[in-house]
Number of protein chains: 2
Amino acid sequence: MAIKESLRPGGRSARVQTSVHQAVKDLLGEVERSELTIPAVAARAGVTPSTIYRRWGTLQDLLADVAVERLRPDGEPADTGSARGDLDAWLEQFVDEMASAPGRAMTRDVLACTAGAAPQCSAFTRRQIETIAARAAARGEPAVDIDAVMDHVVAPIVYRIMFDESPPGDAYRRALLDRVRPAGR
Amino acid sequence: MAIKESLRPGGRSARVQTSVHQAVKDLLGEVERSELTIPAVAARAGVTPSTIYRRWGTLQDLLADVAVERLRPDGEPADTGSARGDLDAWLEQFVDEMASAPGRAMTRDVLACTAGAAPQCSAFTRRQIETIAARAAARGEPAVDIDAVMDHVVAPIVYRIMFDESPPGDAYRRALLDRVRPAGR
DNA sequence: TCGCTAACGCAAAATATTTGCTTTTGTAGG
DNA sequence: CCTACAAAAGCAAATATTTTGCGTTAGCGA
């Protein structure tokens, strides 16, 4: 079932959405994944299970909905004065978040959902890089190839995080960046 | 629950495993995903649901188990006479399989499983490339950088398939390959 | 062939999901 | 501000699923 986007924006609906999301976030940190059931979320949120079933359909879709919210960047990437510095700083934080156990779990939730959650997350990432690219252009630096960063920096890192056990280290991260944008530029 | 690896190798256990796997494959092509339940699989396979619950734990783990089997390559990559040709031919088939609706679904199933199914699939891919690399070495061609192929060819393709809607086209695929191994070499 | 025990079957109990109907409450229009 | 409408929530009964205890089957080694 697709996640409903256009529901009543204010009042009770909004309160239910908030309390259900909060309940999921709370329980994710308190109980095992196998105990994270819709009835449990409903009880914690103070709503009836049928409300969640009707609005989100399945636990997977609810988890994906929450994960997308949490993966949404809270602000712009830090401005370090150069494109390389911006990319380096942003990437370090990105890797830390994505490689952490909660980050991996959220990414799994997002991928498991068939209703367009993954493209949304990919778009978040791209937008951050676009911001960095725009800043570089404003400074008169050589253009940042956004697709190259997505394909040859972001993709290998995400692939390794999701398909291998070992998290990418600092050296690996810098090497990828060097490949699309030589150090110091 | 982890997928059990060491169970009695022959006889009834093996028959149950086979019929359950076959039932899953059949149903994947016949019914909607939401109707693909453990009781349905059990009925089709001619076993009781509790057998499946005890052996695989959850539907997700069962689906991942089946998906790993289906994603396992049936043979070695074709020998075209050159590393570039081998990579090109192998990659075309890889993209076709992974970008198809069943391929995407299987990959999702594999990623959703927490019990090491994803590294296994990644290893399948790497091994195919290793075979191509070994052949290239035997021919006296310049070395094939296996990590580079994984990071800069496989990863971007898989990332695009899983995180974007649009499947990677032929031109894109060749461009990635050109980047790690110039055309014709 | 015999004994041991892993794996299966069965059925009851516990949980989770769906569904029809009622009630509450945002929202738009007067 | 009030009223009518409909979306969303609550409630509870019906259904479906998952879990569990226990008896049975059948691989496997001696």
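Numbers restart at 1 for each chain; the letters A, B, ... are given by sequence-line order, proteins then strands. Heavy atoms only: backbone and side chains are in, while hydrogens, waters and symmetry mates are out.
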Chemist: Without decimals, in angstroms, what is the distance between A:Ile38 CD1 and D:dA16 P?
Modeler: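 In whole Å, D:dA16 P lies 18 Å from A:Ile38 CD1.
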
Chemist: Within the structure, does a side-chain N or O atom of B:Arg55 lie under 4.0 Å from either OP1 or OP2 of C:dA6?
Modeler: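 No, B:Arg55 has no side-chain N/O under 4.0 Å of OP1/OP2 on C:dA6.
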
Chemist: Rounded to whole Å, how long is the line connecting atom CG of A:Asp61 with atom P of C:dT17?
Modeler: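 It works out to 13 Å between those atoms.
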
Chemist: Mind calculating the distance between CD (B:Gln17) and C1' (C:dA6) to the nearest angstrom?
Modeler: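 Going from CD in B:Gln17 over to C1' in C:dA6 covers 15 Å.
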
Chemist: So, B:Thr125 and B:Ser122: side-chain donor and acceptor under 3.5 Å apart, yes or no?
Modeler: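 Checked: B:Thr125/B:Ser122 side chains show no N/O donor-acceptor pair below 3.5 Å.
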
Chemist: Between atom CD in B:Gln60 and atom P in D:dT18, what is the gap in whole Å?
Modeler: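 After rounding, the reported distance stands at 11 Å.
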
Chemist: Between B:Val16 and A:Leu59, name the one whose nearest nucleotide on DNA chain C is closer to the 5' end.
Modeler: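 Upstream on the strand: B:Val16.
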
Chemist: Between B:Arg181 and B:Asp86, is there a side-chain N and carboxylate O pair less than 4.0 Å apart?
Modeler: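 Salt bridge between B:Arg181 and B:Asp86, a charged N being under 4.0 Å from a carboxylate O: no.
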
Chemist: Can you tell me if the side-chain N/O atoms of B:Tyr53 get under 4.0 Å from OP1 or OP2 in D:dT18?
Modeler: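 Checking D:dT18 against B:Tyr53, a side-chain N or O does come within under 4.0 Å of OP1 or OP2.
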
Chemist: Give me the one residue out of B:Asp65, B:Asp26, B:Val41 that meets side chain to side chain contact (heavy atoms under 4.5 Å, CB included) with B:His21.
Modeler: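 The residue from B:Asp65, B:Asp26, B:Val41 that satisfies side chain to side chain contact (heavy atoms under 4.5 Å, CB included) with B:His21 turns out to be B:Asp65.
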
Chemist: Can you give me the N/O atom pairs linking the protein to nucleotides 11-13 of chain D at distances under 3.5 Å, or say none if there are none?
Modeler:
unit_1	atom_1	unit_2	atom_2	d
D:dC11	N4	A:Ser50	OG	3.1

Chemist: Got a salt bridge between A:Glu30 and A:Arg44, using NZ or NE/NH1/NH2 to carboxylate O under 4.0 Å?
Modeler: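 Counted as a salt bridge, because a side-chain N and a carboxylate O are separated by less than 4.0 Å.
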
Chemist: Under the ring-ring contact (aromatic ring centres under 6.0 Å, His included) rule, what pairs show up with a residue in residues 70-97 of chain B, not counting sequence neighbours?
Modeler: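 As it turns out, the ring-ring contact (aromatic ring centres under 6.0 Å, His included) pairs with a partner in residues 70-97 of chain B, which skip direct neighbours, are B:Trp90-B:Phe94.
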
Chemist: Between C:dT5 atom C1' and B:Arg12 atom CZ, what is the distance in whole Å?
Modeler: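 Distance check: B:Arg12 CZ to C:dT5 C1' gives 12 Å.
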
Chemist: Under a plain distance cut-off of 3.5 Å, with no hydrogens placed, do A:Asp151 and B:Tyr172 share a side-chain donor-acceptor pair?
Modeler: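 The answer is yes; a qualifying pair exists.
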
Chemist: What is the distance, rounded to the nearest whole Å, between atom CD1 of B:Ile52 and atom P of D:dT17?
Modeler: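 One finds 12 Å between P of D:dT17 and CD1 of B:Ile52, rounded.
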
Chemist: Measure the distance from CH2 on A:Trp56 to C1' on C:dT18 and round it to the nearest whole Å.
Modeler: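 Distance, rounded to whole Å: 18 Å.
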
Chemist: Give the rounded distance in Å between these two atoms: CD of B:Glu35 and C1' of C:dT17.
Modeler: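 These atoms are roughly 15 Å apart.
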
